[in-house]
Every structure is written in C-alpha cells, then in structure tokens.
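Take a look at the structure below.
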2 protein chains.
Amino acid sequence: MPRIGMKPIRRASLVEAAIAEIGDSGSLNVTVSRIAQRAGVSSALAHHYFGTKESILLSAMRHILSVYSADVRAALAGAADHRGRVEAVVRASFAPEQFRPAVISAWLMFYVGAQRSPETARLLAIYKRRLRSNLLAGLRPLVGREAELAAEGVAALIDGLYIRQSLARGAPPDSAEATAVVLDYVNRVLGSRP
Amino acid sequence: MPRIGMKPIRRASLVEAAIAEIGDSGSLNVTVSRIAQRAGVSSALAHHYFGTKESILLSAMRHILSVYSADVRAALAGAADHRGRVEAVVRASFAPEQFRPAVISAWLMFYVGAQRSPETARLLAIYKRRLRSNLLAGLRPLVGREAELAAEGVAALIDGLYIRQSLARGAPPDSAEATAVVLDYVNRVLGSRP
DNA sequence: GGAAGTTGATTGACTAGTCAAGCAATAATC
DNA sequence: GATTATTGCTTGACTAGTCAATCAACTTCC
C-alpha cells in the first residue's frame with residue numbers, strides 16, 4: 001500500500017513512537033524494533049528513513065525541545081511585566097503537556113545520552129542557555145546582579161523537580177505542586193517588588 | 001597467587017572500578033568485562049563474587065549512599081542549632097568527595113536504573129526520605145508548616161544541581177558555587193530568624 | 001519502466017553469565 | 001618435616017541471546 005508522500009508521516013509517527021517507548025520502558029530498553037513496531041512498521045523502514053538509531057532519538061529530542069520552546073514563547077507573549085515573564089517560563093516548564101511521564105523519562109534519557117553523544121550535549125546546552133537567558137531577562141531588571149544566582153537556582157529547581165518526578169513511577173506528575181515550589185522561590189527572590 | 005581473604009578486597013576494588021567506569025563512560029557502556037579489567041581481574045571473577053552485573057552496580061550504589069550518609073551524620077554532629085543542621089546537610093551534599101564527576105555520573109545512573117530495578121528504586125527512595133527528614137528536622141522548628149515546601153525545594157535544588165553538573169563534562173564541579181546557590185535559598189526561607 | 005514505499009531474512013558485533021580446569025596457600029596426617 | 005588433602009581463588013573458553021544495520025526482493029503508483 002505504498003502511497004507517495006509517506007516520508008514526513010512515517011518520520012513523525014516514528015518520533016512519536018520513540019518518545020512513547022522511552023516513557024514506557026524507562027529509556028534503556030528502547031530498541032529500533034520496538035519503536036518501529038509501535039509505529040506499525042518494520043524496523044527496516046525505521047532505518048530507511050533515519051539511517052541510525054541515534055538519528056531517531058535525536059529527532060525525538062529535537063521534537064520535544066521545539067514543542068517546549070513554542071510553549072515558552074507563547075507564554076512569554078502573554079506576560080505583562082518582568083515578573084510575569086519569569087512566571088511564564090516557570091508555568092510553561094510544568095505545563096501538563098510537558099510534565100508527563102513519557103516526556104519526563106525522555107528528559108532523563110537526554111541527560112544520559114549527552115554523556116556520550118556530542119550532538120545530544122549540544123542540543124541540551126542550547127536548552128540550558130535559552131532557559132537561563134529567558135530567566136535573566138525577567139530577573140535582571142528586578143534584582144540586578146542577584147539575578148545570576150537566582151536564575152541558576154530556578155533552572156536547577158526545574159531540572160531537579162523533573163528528575164525527582166521521574167522517580168515517582170505510578171504517582172502522576174503534579175504540575176501544580178511543582179509550579180508552586182518554584183514560584184515560591186521566585187517570590188522569595190523578588191520579594192514584594194514591582 | 002591466590003591468597004586467602006581476597007573476597008572483601010576484590011569486592012571493594014570491583015565496586016571502586018565500577019564507579020570509575022561509570023564516571024568515564026557515562027553509564028551505558030559499562031560492561032562487566034570493562035569493570036573487571038579496570039580492577040585487574042577477569043570478568044569471570046566479577047561474576048564469581050557478585051553473581052550478576054546488577055549486583056555489582058547495586059553494591060556500588062550502596063557504597064556511595066553509605067559514604068554520603070556517613071558524611072551527613074558527621075556534619076550534623078558538628079552543628080550547633082537548627083539552622084546549622086540544615087546548612088550541614090547542604091554542605092555535606094556538595095562536599096568535594098561527593099561532588100566529583102564519577103560520583104555525579106553514578107547518581108545519574110541510579111536515577112536511570114531506578115526506572116526498571118525495584119531494588120535501585122528502593123535504595124533511592126530511602127535516600128530521598130532520609131534527606132527530607134534531615135531537612136525537616138532543622139526547618140520545622142524555624143518555619144513551621146512552611147517547612148514542607150522548603151524541604152522539597154532544597155532537595156530538588158540539590159538534585160538539580162547534581163544533574164546539571166553532569167552535563168558540564170570537562171568543567172570541574174564547583175562545590176562552592178553549588179553550595180552558595182542552595183544556602184542562598186535557605187537564607188531566604190529562614191530570613192533573619194534565630 | 002522507473003520511482004517510492006515496504007519488508008523478511010540475514011549478518012556481524014557485542015554481552016551477560018557458565019563451566020571445567022588449574023594454581024597457590026593452608027591444614028591434616030604420618 | 002615431608003607428604004597429602006582441602007579450600008579458596010582465578011581464568012580462558014564457551015554458550016546463548018540481543019540488537020543495529022544491511023540487503024535483496026516485492027508491491028503499488030505514476
């Protein structure tokens with residue numbers, strides 16, 4: 001049943017299947033066969049479209065990062081002031097679409113992958129830089145040179161809450177509580193300033 | 001050259017080699033052969049003493065956790081008041097002996113392992129509970145029911161700083177800065193209370 | 001007829017775990 | 001004090017299994 005124009009469809013469904021598979025198996029059992037099977041195709045086809053397994057996983061990572069970036073941009077667009085911008089970044093980070101088991105597992109796997117794959121490390125470094133930059137843009141006008149320390153703290157807090165959630169398999173992620181923890185920190189940093 | 005009484009020596013050196021190997025290769029390349037080779041023995045010997053690969057890795061984890069526990073206890077013993085106890089836990093968490101590349105990589109691997117190994121998850125849950133309990137003991141007398149949120153924040157901050165450091169391969173971990181970030185948070189929570 | 005899409009079967013590399021045998025130090029026996 | 005048995009230690013070679021990647025062939029569309 002070969003229909004023309006399947007390339008983007010297959011690529012998308014394989015990427016989706018890879019993320020789901022990572023989420024289910026906890027990131028190490030992911031074989032190309034399993035990903036392909038979940039996407040409803042043969043493993044050979046996965047290789048046909050991606051070449052290597054690493055390429056599939058990198059595409060999955062790029063997909064997650066780009067969805068996250070879009071969410072952050074959308075949240076920032078609706079923010080009224082500096083404080084609002086910081087809160088927007090935090091809320092976007094824990095939006096239910098992001099803060100769900102499959103994506104959380106995928107993030108953990110990215111950190112592992114970055115240990116050996118330079119391309120994974122590069123993508124993660126871009127995320128890290130962008131997050132820091134977004135936070136600083138909101139914080140610096142409000143707290144001046146304290147901003148650096150605070151941005152580092154907020155970023156680490158976000159990453160830490162993700163990683164801790166990955167441990168609680170079974171318990172569904174609680175976006176509201178995670179957001180509350182980070183915003184509490186932000187409030188302490190900003191105090192009652194404008 | 002078989003001398004009697006080698007069992008504890010071999011077990012210790014294999015555990016040490018496992019941690020070093022995890023640190024070098026970033027946690028996934030660790031094969032029993034490599035661990036054994038680094039410890040200067042054959043892979044069969046590693047199986048003789050540990051039975052399974054998982055058992056080697058669990059022993060490595062237990063070793064790291066027990067050293068960390070001892071460090072925390074020692075730091076707590078020297079603390080004068082509640083605030084000192086919280087600071088002691090934080091400082092112990094980033095003591096140079098703990099906060100070094102091999103151990104940081106090992107922690108990352110524990111989180112990954114916990115996804116599938118119930119025993120790993122159990123050990124990590126114990127660590128999580130103990131950390132929380134240590135923090136609460138110091139925080140609760142000072143901030144009452146705000147303590148829960150603060151303890152969760154401090155714990156996530158510690159985990160997050162570890163995970164972020166795992167990314168900075170090459171750059172040596174900066175214990176002082178990590179400690180400063182967390183203590184800054186603690187100070188904001190405690191304010192200028194006694 | 002050619003191009004795009006797809007797969008079953010295969011290959012080659014790697015790995016955890018097993019096994020039987022060999023070696024050195026101690027203990028038992030005379 | 002010398003011989004022998006026992007025990008702990010160690011290994012090379014092997015098994016069985018997995019997985020990424022390749023290939024040759026088949027199918028449908030234009």
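Atom set for the values below is all heavy atoms of this structure, side chains included, hydrogens, waters and symmetry mates excluded. Within every chain, numbering begins at 1; the chains are lettered A, B, ... in the order of the sequence lines, protein sequences first and strands thereafter.
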Hits for salt bridge (Lys or Arg N to Asp or Glu O under 4.0 Å) against B/Arg34, two or more places apart or cross-chain, chain-then-number order -> B/Glu21
Out of C/dT7, C/dT6, D/dT11, whichever nucleotide has its closest atom nearest the side chain of B/Val41: D/dT11
Extract from the structure each pairing of a protein N or O with an N or O of nucleotides 14-19 of chain D at less than 3.5 Å, listing the distance.
none

Under 4.0 Å: is that the gap between some side-chain N or O of A/Arg10 and OP1 or OP2 of C/dA4? no
Write down the distance between NE2 (A/His47) and P (C/dT11), rounded to a whole number of angstrom. 17 Å
Take a 6.0 Å sphere around CD of A/Glu148 and say whether it holds more than 12 heavy atoms from other residues, nucleotides or ligands. yes
Walk me through it: do A/Leu57 and A/Thr120 pass the test side-chain contact (heavy atoms from CB on, under 4.5 Å)? CA-CA 9 Å; A/Leu57 298 179; A/Thr120 303; over 6 Å; no
Solution key, residues 60-68 of chain B side-chain donor-acceptor pairs under 3.5 Å, sequence neighbours excluded:
residue	atom	partner	partner atom	Å
B/Arg62	NH1	B/Glu119	OE2	3.3
B/Ser66	OG	B/His63	O	3.2
B/Tyr68	OH	B/Ser93	OG	2.8

Near-ring test B/Trp107/B/Tyr127, centroid separation under 6.0 angstrom: yes
What heavy-atom pair brings B/His47 and B/Thr52 nearest, and what distance separates the two atoms? CD2-CA, 4.5 Å
Considering the terminal five base pairs at each end of the helix from C/dG1-D/dC30 to C/dC30-D/dG1, what angle separates the two local helix axes, rounded to 10°? 10°
Round to a whole Å and report the spacing from NE2 of B/His48 to C1' of D/dT10. 8 Å
Give every donor-acceptor pair under 3.5 Å between a side-chain atom in residues 179-186 of chain A and any protein atom, sequence neighbours left out.
residue	atom	partner	partner atom	Å
A/Thr179	OG1	A/Ser175	O	2.7
A/Asp184	OD2	A/Arg188	NE	3.1

Those residues that, when tested against A/Tyr111, pass ring-ring contact (aromatic ring centres under 6.0 Å, His included) (two or more places apart): none
Between CD1 of A/Ile56 and C1' of D/dA21 the distance, given in whole Å, is 11 Å
Is there a side-chain contact between B/Phe50 and B/Val32, using heavy atoms and a 4.5 Å cut-off? no
Just the rounded figure in Å: distance from C1' of D/dA21 to CZ of A/Phe50. 16 Å
Rounded to whole angstroms, how far apart are CG on B/Leu14 and C1' on D/dT10? 12 Å
Which part of the nucleic acid, if any, lies within contact of A/Ser43, taking any heavy atom under 4.0 Å across all strands shown: a base, the sugar-phosphate backbone alone, or nothing? nothing
Rounded to the nearest angstrom, tell me the gap between atom CG in B/Leu45 and atom P in D/dT11. 6 Å
